[in-house]
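Presented below is the structure to which this report refers.
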Amino acid sequence: MLSSIPMAEEADTVSSLLNEGKEGKPLVVILVGAPGSGKTTFCNDVIRVARRTWTRICQDTIANGKAGTKAQCLQSAANALQEGKNVLIDRCNLELEQRSEFVKLGGARADVHAVVLDLPARVCISRSVQRTGHEGNLQGGKAAAVVNRMLQKKALPNLNEGFSRITFCHNDDDVKTAVNTYSLLGLFDSLPPGIIGQKSGDAKVQQGIMKFFKKVDTDGNCSQNSAPKHENNENNPRPMGIEKGNEVGKDEQKNDMLLNPSVSDFQWNDAPTLAFPSISTSDFQFNMDKASDVIVEAVADFFSKVDKVKLILVDLSSKSKMLSLVKVKASKKNVDTTRFSTYAGDITRLYTGGGLHCNVIANASNWRLKPGGGGVNAAIFSAGGEALEIATKEQADTICPGSSIIVPVPRTSPLSQREGVTYVIHVLGPNMNPQRPNCLKDDYVKGCKVLYEAYSSLFNNFASIARSQNYQKEYSGDSKSEPTKSVCKSFEAVVECQRSSSEQKSKREVSYGSDCNKKSKSNGDSGGLPGMLEKEEQKSERSDHSAKSSWGSWAHALHQIAMHPEKHNRDVIEISDDFVVLNDLYPKAKKHILVTSRLPGLDCLAEIRREHLPMLQKMHAAGLKWAEQFSRHDPSLVFRLGYHSVPSMRQLHLHVISQDFDSTHLRKKKHWNSFNTPFFRDSIDVQEEIKMNGLATIKDEKLLSSELRCHHCKSAHPNLPRLKSHIATCKAPFPSHLQNGQLVFALSGSSDAVSAI
DNA sequence: GTTCTAGAAC
DNA sequence: GTTCTAGAAC
């Protein structure tokens, strides 16, 4: 397989591999291994005797010794590189997605290596179960189950991911050798790129992809275009790990090359190729067996009508059930495998991750044509960036099941710049998931029909693009000449095809979409696509007439209570001409009340002006009165009075909240941060600002996603449960910025607060 | 396996 | 604003 340098040989030649005299780039070494594989020990052993300066990045301790986030790890690693340090990433990193962000740390500023601690599962489990005091608290009985589960998802790293060197360790001796290699590495040394110590069974082979791309290399000599570019050192005995001296079978070697075919001339010398994901089988829960039948049928039908184009079905995992089902069924149906293939990898990184150049990719979209939702849709929108979102919106707002739309990818999009993708075709398949709109409730007769239509629409749209590209080539003779005319012709063809797609859609709606139409005419159906469309229309109508159309349907409750408090006797605890006081329906602390203004049309802090000051003072006085009353009843309670910079409910309301935050309703980061960052504007400060400036300062909603910090001692915590258990016992005093009358205490605080107004 | 988060939907 | 749940992480 790819490996050419056995571990034992590597041990003998470590010193000779060091290229002395040239300044080495900083290194990012990504450890890959299950819990118990010895990642932390590896790091500590390297750091103990290292000649370079290393920083170990460990998510379990990144936040002041406590568990933190992946983002914190990435930031710390970037900071260390900035300071010229080398970085060891001490996380499991067993899956491609888990390590991909860390690989991106490389490039011009650093080389990225992987060290794979691929020790037997029983060794990892045994160590994990026995250890105590583990930073990540993974020890004892639960460790075995976790390790087993993680190992099932293991995907060993590949040079295609962006590593310049990958070292596989299968036993303790291998680990020792690797430790020596990295600890011996001096400031000006560098290690040769390539793969070290890989067993023949390690590498993933994607059978047939070479044949598919017609890039068979009978000599096994292949350009190294997949690996990042490195300067070859003439003294280096093995410039690249996957070159000569490989005793592994040539067929296997060739198949690895298939993952990185030379693509420089593929786009113009070979047939246009569409890469597409399986539609509807993920979030929409379409039965995979049935879906694979539909794919094969749709592909076969398409090939019978259109030639000179190719299709690749892409799924992230090489263990994908869809890929194997489709492979088997396509073979049975004698689908032309020189034109249809499967590929395991990231559809948004076909070129940079796999060396495949497909300039048209399909997206398993949602009906709103919006990012999010996870899976392929999220990945493609994320990879396409804002430019793809805008380009999509220019084409359509929504899409019906069974149809597809073409979106030319702007040249500013990373998908275009990085991957060479020129078109994304959004496809919407049938939904079998009751939790998603327009569920077909196990009606697979209709489901298969719609899925076939979806693929058929996708392939036809792709054929339109391919025709336009062929026309473009024939027209210009040379793709480099007369680019303007070529692009114009191409664009016209695409627009035409888009039109025909819309026509198809209209026709289809008559048959399949009849339910849709019925529902959209009925009222009161809050679920499902048509109901939502109707709501969107209403919303957009409102926006034409009112600047305050952005309030969600849930956001009017307070307004209703303020306008008609007599109808809400159970919620309201005090009524005056200027305000009503009520218990928060979802209190975020032991005591949490709202003093709500009754002034119609005053909805939020941003709308407060000088003329509202008397009312603000009355609201504050009422809140203070209630806080004092609660504190007298329970002297442990301390209160803050204030406004959210941007409220979720309309009708101006003052929060009066005890600082214990002891409530089951406090469940989200944004709950905490809305009361414990500057997003919460203390009532006394707001009044002062209005007095002085006539306006209140509004703080950014980004504060709601800030890291979680204790409101007493300011320590950071990785998640809300941990924070809540900390604040239950934190004895630190309140910080000084709250000592100017913002807090209301049982005994002395109230007079301070009053005097501060 | 469980815990936690974040996005979709209302 | 909440609920639901898929996905990430260990």
Side-chain angles (χ1 to χ4, degrees), chain A residues 33-37 39 58-60 62 67-73 90-101 124-125 128 134-153 282-285 316 366-368 370-379 381-382 431 433-439 524-529 531-532 534-536 539 551-559 584-588 592 594 644 646-651 653 655 664-672 674 704-705 707-708 717-725:
Chain A
S37 59
K39 299 184 294 297
C58 173
Q59 191 159 337
D60 293 331
I62 192 88
T69 62
K70 185 176 176 183
Q72 285 174 306
C73 293
D90 181 1
R91 301 166 81 246
C92 293
N93 297 312
L94 285 169
E95 294 172 58
L96 190 146
E97 301 79 42
Q98 290 167 352
R99 52 189 183 249
S100 61
E101 293 293 316
C124 300
I125 291 169
S128 300
H134 177 239
E135 291 164 339
N137 200 27
L138 185 67
Q139 57 202 36
K142 72 174 180 179
V146 171
V147 173
N148 264 326
R149 198 169 172 86
M150 288 174 79
L151 285 173
Q152 281 172 16
K153 293 183 177 177
S282 180
D283 192 32
F284 285 179
Q285 298 178 358
L316 207 50
N366 53 41
W367 72 274
R368 285 172 185 272
K370 280 189 172 172
V376 169
N377 185 60
F381 270 108
S382 170
N431 170 37
N433 180 353
Q435 306 299 328
R436 295 284 174 265
N438 240 19
C439 173
D525 185 345
S526 60
L529 171 67
M532 282 186 273
E534 193 176 30
K535 277 189 178 174
E536 286 294 321
K539 213 188 277 180
W551 298 105
S553 56
W554 64 85
H556 301 273
L558 272 183
H559 173 76
D584 193 301
L585 185 58
Y586 301 98
K588 303 300 185 294
H592 182 188
L594 305 176
H644 284 153
V646 182
S648 298
M649 310 266 291
R650 65 178 290 210
Q651 200 66 27
H653 53 282
H655 290 269
T664 53
H665 296 292
L666 186 87
R667 290 183 292 103
K668 294 190 159 197
K669 183 183 236 183
K670 77 172 188 180
H671 292 152
W672 176 263
S674 72
L704 297 176
S705 45
E707 60 184 349
L708 295 165
H717 299 267
N719 55 50
L720 205 57
R722 298 260 201 113
L723 174 72
K724 286 175 88 171
S725 59

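Side chains included, hydrogens not; waters and symmetry mates left out as well; all remaining heavy atoms used.
Atom CG of A/Leu666 sits about 8.0 Å away from atom OG of A/Ser674, to the nearest 0.5 Å. One distance of note links NZ of A/Lys39 with SG of A/Cys124; it measures 8.0 Å at 0.5 Å rounding.
Between the CZ atom of A/Phe284 and the P atom of C/dT5 there is a distance of 16 Å, rounded to whole Å. Between A/Leu666 atom CG and C/dG1 atom P the separation is 11 Å, expressed in whole Å. Remark: P of C/dT2 and CG of A/Leu704 are 13 Å apart, rounded to the nearest angstrom. One atom, CZ of A/Arg722, and another, C1' of B/dT2, lie 13 Å apart when rounded to the nearest Å. For the pair A/Leu720 CG and C/dT2 P, the computed distance is 13 Å after rounding to whole Å. Distance A/Trp554 CH2 to C/dC4 C1': 15 Å, rounded to the nearest Å. What separates NE2 of A/His671 from C1' of C/dT3 is a distance of 11 Å, to the nearest Å. Across the protein-nucleic acid pair, A/Glu95 atom CD and C/dG7 atom C1' stand 10 Å apart, rounded to whole Å.
Considering only the side chain of A/Tyr586, C/dG1 comes nearest among C/dG1, C/dG7, B/dA6. When the nucleotides C/dG7, B/dA9, B/dC4 are ranked by their closest atom to the side chain of A/Asn719, B/dC4 comes out on top. Across B/dA9, C/dG1, B/dG7, the shortest atom-to-atom separation from the side chain of A/Arg368 is found for B/dA9. Counting only heavy atoms from C-beta on, A/Lys668 has its side chain closest to C/dT3 among C/dC10, C/dA9, C/dT3. For A/Pro721, whose side chain is taken as the heavy atoms from C-beta onward, the closest listed nucleotide among B/dC4, C/dG7, C/dT2 is B/dC4. Of all nucleotides listed (B/dT5, C/dT2, C/dA6), C/dA6 comes nearest to the side chain of A/Gln285. Considering only side-chain atoms of A/Arg91, the nucleotide from C/dG1, C/dT3, C/dA9 that sits closest is C/dA9. In this structure, the nucleotide among C/dT2, C/dG1, C/dC10 sitting nearest to the side chain of A/Arg667 is C/dT2.
Relative ring orientation between A/His655 and A/His644 is described as tilted, the plane-to-plane angle lying within the 30° to 60° band.
Side-chain N/O atoms of A/Lys670 include none lying less than 4.0 angstrom from OP1 or OP2 on C/dT2. At C/dC10, one or more side-chain N or O atoms of A/Gln59 fall inside 4.0 Å of OP1 or OP2 (strictly under the cut-off). Close to C/dG1, at under 4.0 Å from its OP1 or OP2, lies no side-chain N or O of A/His556.
Looking only at atom types and distance, the side chain of A/Asn93 has a donor-acceptor partner in the side chain of A/Arg91 under 3.5 Å away.
Nearest heavy atoms, A/Asn433 versus A/Cys439: O-CB, 3.6 Å.
The residue A/Pro371 sits close only to the backbone: its heavy atoms come under 4.0 Å of sugar-phosphate atoms, none of a base.
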